[in-house]
Amino acid sequence: MEEQPLQAAQEGAPRDVVPGKVGCELFGYVGIEAVLDQMRIKTMKTGFEFNIMVVGQSGLGKSTMVNTLFKSKVSCKATTPRHEERIPKTVQLQSVTHVIEEKGVKMKLTVTDTPGFGDQINNENCWDPIIKYINEQYERYLREEILISRKQKIPDTRVHSCVYFVPPTGHWLRPLDLEFMRRLSKIVNVVPVIAKADTLTLEERAEFKQRIQRDLKAHGISIYPQEDFEEDPDERILNDKIRDKIPFAVVGADQEHQVNGKRILGRKTKWGIIEVENPSHCEFPMLRDLLIRSHLQDLKDITHNMHYESYRVRRLNESNRLALSPVNGLQEKDEMESNL
Ligand SMILES: Nc1nc2c(ncn2[C@@H]2O[C@H](COP(=O)(O)OP(=O)(O)OP(=O)(O)O)[C@@H](O)[C@H]2O)c(=O)[nH]1
Ligand SMILES: [Mg+2]
């Protein structure tokens, strides 16, 4: 059959509309990319908040890692030198905030340090205070969001990323770590790391990493970046590469040393200095880049669209149920609030 000319096939359509080029022909050059400038200016004015939490057994280097993050290139200007100071054991949840400004854009970076667990004979429910804290931040946000006259920009203390420290045993994941991560992964973006990786050889690190990946998969624990939340094929390809590398084998340090005339953040050992920011020494740079560079916005988006959304739906459903049952309402409300 003879093909109809395009013009005839589009009978009735405006003369200057060509299929596939509708926008261009109708409006000429639109300049949609100007939106990027507008978004940039808006972000510059309002700034943004990003919150990280560190969790894990006692003595794995969580507090050291908080200092490493701030002392490393994230915000070298914001730190004051402290010499040979021993980090005390962390006994309560505490947050450190630095406002970092780069090219006119302000980021309020908060890292919440948590007390280590595993010291007690019975470690049952050791996740309770951490889970309570994460939910409390969702609750705070929700309470602001549902106000009739709400703030234009709600202060965001929600945990966007939870770095989970796995002890460098070199064997497999302990049931306690599995259970902790299983619970966390339901409410927050979990990024596991192999702590104190300098205590393992490179071969041990690689083997341990693979075993952890297998254990997590076998137990259905969905760590960040979660495959279920990916729709874009390009994003999947990039994240597959990251999934291959997680858990990052990290080394933390808050002391600087002189190496070839330069001040380097590192740990002094018998064999030399382990430089925490050197990618051939450890994977701390990968962790830092994932958290505060390449995946920052994605971590925030997943927190808001997935984790917070689940919390919000659950919480509002509970409130509706309470509103419909006036007899039990008050008592149930008290129980619900004390469970938070
Ligand atoms: N070898 C090695 N030691 C480390 C590393 N990071 C921290 N340490 C040391 O481990 C000890 C405990 O470090 P902290 O940072 O206090 O550990 P923590 O996890 O905060 O401990 P808690 O607050 O008790 O839970 C300190 O002596 C640190 O210097 C590391 O990457 N490698
Ligand atoms: Mg600590």
Side-chain angles (χ1 to χ4, degrees), residues 51-72 74 79 81-97 110-123 125-131 133 159 161-170 173-174 176-177 180-181 184 190-202 204-206 208-209 212 245-257 259 264-288 291:
N51 308 315
I52 301 173
M53 185 184 217
V54 292
V55 175
Q57 188 195 298
S58 296
L60 286 184
K62 298 181 294 298
S63 304
T64 308
M65 188 55 69
V66 175
N67 290 345
T68 313
L69 257 174
F70 283 120
K71 287 199 171 187
S72 78
V74 179
T79 58
R82 292 190 308 164
H83 294 289
E84 304 302 324
E85 226 173 69
R86 255 200 96 242
I87 297 178
K89 190 178 171 64
T90 312
V91 290
Q92 61 185 42
L93 269 111
Q94 55 198 44
S95 298
V96 190
T97 299
T110 301
V111 185
T112 304
D113 195 1
T114 64
F117 53 82
D119 294 342
Q120 267 72 41
I121 296 172
N122 181 2
N123 289 305
N125 302 336
C126 55
W127 40 76
D128 278 356
I130 310 278
I131 293 198
Y133 176 85
V159 178
S161 164
C162 176
V163 179
Y164 190 93
F165 284 64
V166 174
T169 59
L173 276 177
R174 303 170 310 168
L176 180 62
D177 291 316
F180 212 130
M181 279 194 268
L184 284 173
V190 178
V191 179
V193 294
I194 299 173
K196 298 187 172 178
D198 53 313
T199 59
L200 300 173
T201 64
L202 291 181
E204 284 168 338
R205 286 186 203 179
F208 192 32
K209 187 179 279 207
I212 293 173
K245 302 237 159 56
I246 285 181
F248 300 126
V250 298
V251 176
D254 58 357
Q255 304 298 322
E256 287 186 337
H257 303 273
V259 178
I264 300 273
L265 204 52
R267 299 195 77 79
K268 204 169 187 172
T269 70
K270 289 194 272 199
W271 303 279
I273 289 173
I274 301 170
E275 300 169 22
V276 298
E277 294 185 82
N278 184 337
S280 59
H281 289 198
C282 80
E283 294 174 341
F284 167 74
M286 283 192 197
L287 173 71
R288 182 195 54 201
L291 295 180

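Keep in mind that what you see is a predicted model, and the values were worked out from it rather than measured. Order of appearance sets the numbers: ligands from 1, and atoms from 1 within every ligand.
- Of the N or O atoms in K196, one or more lie within a sub-3.5 Å distance of an N or O in ligand 1.
- The shortest contact between atom 13 (O) of ligand 1 and any protein heavy atom is with T64 OG1, 3.6 Å.
- Counted by atom type alone, T112 and S95 present one or more donor-acceptor pairs between their side chains at under 3.5 Å.
- On a distance-only criterion, S63 and ligand 1 share at least one N/O pair closer than 3.5 Å.
- Within ligand 1, the atoms closer than 4.0 Å to a non-hydrogen atom of G116 are 25 (O), numbered from 1 in the order shown.
- At a 3.5 angstrom cut-off on N or O pairs, P88 does not count as close to ligand 1.
- Looking only at protein heavy atoms, the nearest one to atom 18 (P) of ligand 1 is K62 N, 3.5 Å.
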Determine, stepwise, if the pair R288 / E277 fulfils salt bridge (charged side-chain N to carboxylate O under 4.0 Å, His left out). CA-CA 9 Å; R288 182 195 54 201; E277 294 185 82; 3.0 Å; yes

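- For a threshold of 3.5 Å applied to N or O pairs, the pair formed by V251 and ligand 1 contains no separation below that value.
- Every atom of ligand 1 is numbered from 1 in the order shown, and the set under 4.0 Å from a heavy atom of G252 is 5 (C), 6 (N), 30 (C), 31 (O).
- Distance check for atom 27 (O) of ligand 1: every protein heavy atom is found at 4.0 Å or beyond.
- At the shortest separation from atom 12 (C) of ligand 1 among protein heavy atoms lies G59 O, 3.8 Å.
- The shortest N or O to N or O distance between D113 and ligand 1 is not below 3.5 Å.
- Residues satisfying the salt bridge (charged side-chain N to carboxylate O under 4.0 Å, His left out) test with K245, not counting sequence neighbours, are none.
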Please determine whether side-chain contact (heavy atoms from CB on, under 4.5 Å) holds for the pair D254 and I87, giving the CA-CA distance in whole Å, both sets of side-chain angles, and the decisive distance to 0.1 Å. CA-CA 10 Å; D254 58 357; I87 297 178; 3.5 Å; yes

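- Side chain to side chain, R174 and Q57 meet the donor-acceptor criterion of an N or O pair below 3.5 Å.
- The closest side-chain heavy-atom distance from V251 to K196 is not below 4.5 Å.
- The angle subtended at the Mg ion (ligand 2) by OG1 of T90 and OG of S63 is 90°, given to the nearest 10°.
- For ligand 1, the polar-atom distance check finds an N/O of D198 within less than 3.5 Å of one of the ligand's N/O atoms.
- By the 30° and 60° cut-offs, the orientation of the rings of F117 relative to Y164 is tilted.
- Residue R267 touches ligand 1 through its side chain alone, judged by heavy-atom distances below 4.0 Å.
- A distance of 7.5 Å separates CG of D198 from CZ of R205, quoted to the nearest 0.5 Å.
- Side-chain atoms of H281 never come within 3.5 Å of backbone atoms of V276 as a donor-acceptor pair (strictly under, hydrogens ignored).
- Polar contact check, P115 against ligand 1: no nitrogen or oxygen pair lies under 3.5 Å apart.
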Between K209 and E283, does a salt bridge (charged side-chain N to carboxylate O under 4.0 Å, His left out) hold up when you go through it step by step? CA-CA 12 Å; K209 187 179 279 207; E283 294 174 341; 2.7 Å; yes

